[in-house]
Amino acid sequence: MIHSVLKASRFQNPRREALVLTIAISGCVCRLAFSSMKEINCKVDSSSCTLAPNREPCITESLSVSGNGTTTSSMSVKSTPEIEKKFVHHVYDAIAPHFSATRFAKWPKVAAFLSSLPLGSLVLDAGCGNGKYLGLNQDCFFIGCDISPSLIKICSDREHEVLVADAVNLPYRTGFGDAAISIAVLHHLSTENRRRKAIEELVRVVKKGGRVLITVWAVEQEDSKLITKWTPLNEKYVDEWVGPGSPHTRAPSSSSLESIPESEVSTSGEHMEVCHEAHASRYLEEEKNIKNQQEYFVPWHLPYHRAEISGASAEALAAGLATKDDKKGAVVYNRYYHVFSEGELESLTTEINNAIIVDQFFDKSNWCIILEKTV
Amino acid sequence: MRLITHNMLSSNIKGVVNGFPLRIEAEKVVEKTVEMNGEFLKKMFEKIDWKAFVDASRAMGYTELPEEADSSMLDSDEFLNRFHHALLELHLEEGVLVCPETGRRFPVSKGIPNMLLHEDEV
């Protein structure tokens, strides 16, 4: 076993400049000043200790060793539909550094929730992304998890306490946390059962009296122009892009106005009126369906200069999971979203009999809910 | 991965009844000194499964914790310092967490545990 000692001075985020690392390996001690822990790489054999600075640690597709010693990928989980694997997990792994660079502003309501927690609270962040909320309240201890190893690596490089895990299947003991948050995560889950299970898991892992904050994207976007940039999913998309057997989404009317067969021209005014009524009712139905639409692909434009950093974009383009937009100079990834309608988030909690809703609100085009565990 | 995290981690493989505590096989341990917060430690003491905590700290090469502990010991500065050190300053940088029931091995790489399950484990 290698045993290293790192001296720093912060509870959650140790200072990273001018730290001193002492490495004791079988009697030999190396002392080295360094700027950040990730720059140190130790290789040990019976005779020597090699310190290789500036070698970036890399977490790619996570592998785990099963009991019989064979190495298998743990990225695919049986309960995860293909649409999530391809259009959520794969995408966030590919865009992680660029995505992270755009994720720094803290939502005031989330900040207020975290700031209200008692001194010494243990806070669990499920779907923590780049960790922007981890450590927001210096008086609390945060543990974050996300299904994207690339995003978790970013958190770890920032000295956050994190692990790779699935929000639908949290690897935590029951009742351990004082509070939990899930910010902009549930809308990436493609079935109602999975969304409900994620909420149940958040409630399960907090103690009695513990609070859970959940936020999701809303159908009711304050900037209505935004939705026009999204691709509505219908059965055609799901079958062709994702494959049969995936969860079918709520589809807009499959017939467009242009495809409505015209009636034969008639001198009968009555017949013409019926024809106009048919057009009008189809049009209204179309409008209604657009309003009811909740399944979307939301584009992420990864600039070419960033896309070239890794081979992930080339693979995604080859596999048809991303497209090129030469005008914008970007590789375009589609992220799957189920946007929530008013009351939908609350309705998911009705079968959870060990928690009550203590607050619910609409904030920055998000539906938000705060639950308190009662048993 | 700190031992505070280890003490709340459990193997959630389908059918597993006793997924806690995960056994630590340590390959590389790092110590990072952080400020002590007495109130936080007292609060955490109530949550911690002490036996699992002691076993984990020993697996990480730290043997200064008593086999058993009760809340009266929190008045001792020496005990608090040891508790703080084991809970928050020891980091498993490289190693494996092993499910006590199935033997399934969850890797810890660059300080990050990967707790994702295989298709047949959900």
Side-chain angles (χ1 to χ4, degrees), chain A residues 1-12 14 21 37-38 42 57-59 62-67 72-80 118-122 124 139-141 143 145 147 149 152-153 155-156 159 161-166 169-174 176-178 205 207, chain B residues 1-2 4-5 7-12 14 19-22 25-44 47 49 60-61 88-89 91 93-99 102-122:
Chain A
M1 185 202 299
I2 303 172
H3 196 277
S4 311
V5 182
L6 176 66
K7 297 292 179 189
S9 61
R10 292 280 171 87
F11 177 65
Q12 181 83 15
L21 177 70
M37 227 190 96
K38 66 181 171 63
C42 289
C58 173
I59 301 173
S62 301
L63 297 176
S64 61
V65 183
S66 58
T72 51
S73 168
S74 63
M75 288 305 289
S76 68
V77 179
K78 192 176 185 178
S79 64
T80 306
L119 175 80
S121 293
L122 179 68
L124 307 174
D139 294 329
C140 299
F141 187 87
I143 298 174
C145 71
I147 205 160
I152 284 296
K153 180 190 175 296
C155 296
S156 181
E159 298 290 339
E161 186 75 357
V162 287
L163 53 132
V164 180
D166 188 347
N169 204 6
L170 293 173
Y172 301 140
R173 281 204 283 150
T174 298
F176 201 93
D178 294 298
V205 299
K207 66 177 187 181
Chain B
M1 182 199 75
R2 292 171 162 110
I4 184 174
T5 303
N7 206 267
M8 70 175 295
L9 285 181
S10 179
S11 169
N12 52 357
K14 179 178 63 182
F20 176 86
L22 298 168
E25 291 182 8
E27 293 169 24
K28 181 180 176 184
V29 172
V30 174
E31 290 181 19
K32 300 182 188 181
T33 305
V34 293
E35 280 177 358
M36 193 167 83
N37 181 328
E39 288 305 307
F40 178 76
L41 291 173
K42 286 170 183 174
K43 191 168 183 181
M44 285 310 305
K47 293 177 180 286
D49 181 301
M60 302 263 275
L88 296 168
E89 295 183 331
H91 291 248
E93 193 72 4
E94 301 290 336
V96 175
L97 304 175
V98 185
C99 171
T102 65
R104 161 72 145 89
R105 299 163 71 80
F106 297 94
V108 179
S109 176
K110 311 285 191 300
I112 302 168
N114 187 327
M115 301 301 295
L116 291 179
L117 301 179
H118 299 144
E119 299 218 350
D120 58 350
E121 295 174 328
V122 181

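These numbers were taken from a predicted model, which means no experiment stands behind them. Throughout, a chain's letter reflects where its sequence line sits, starting with A, and its residues are numbered from 1.
Of the listed residues B:E39, B:H91, B:M115, the one with more heavy-atom pairs under 4.5 angstrom with chain A than any other is B:M115. Options B:V98, B:N7, B:L22 differ in how many heavy-atom pairs under 4.5 Å they form with chain A, and the most are formed by B:N7. Most heavy-atom pairs under 4.5 Å with chain A, from the set B:V96, B:L41, B:I4: that is B:I4.
Using a 4.5 Å cut-off between heavy atoms, B:M1 contacts chain A through both its backbone and its side chain. For A:S121, the parts sitting under 4.5 Å from any heavy atom of chain B are the backbone and the side chain alike. Heavy atoms closer than 4.5 Å to chain B are found in the backbone of A:L170, but not in its side chain.
Between A:L124 and B:M8, some side-chain heavy-atom pair lies under the 4.5 Å cut-off.
We find that B:K110 and B:E93 are not joined by a salt bridge, their nearest charged nitrogen and carboxylate oxygen being 4.0 Å or further apart. Taking the charged nitrogens against the carboxylate oxygens, B:E89 and B:R2 have no contact shorter than 4.0 Å, which rules out a salt bridge.
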Show the numbers, then the answer: is there a side chain to side chain contact (heavy atoms under 4.5 Å, CB included) between A:C140 and B:F40? CA-CA 8 Å; A:C140 299; B:F40 178 76; over 6 Å; no

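Here the side chain of B:K47 pairs a donor or acceptor atom with the backbone of A:F176 at under 3.5 angstrom.
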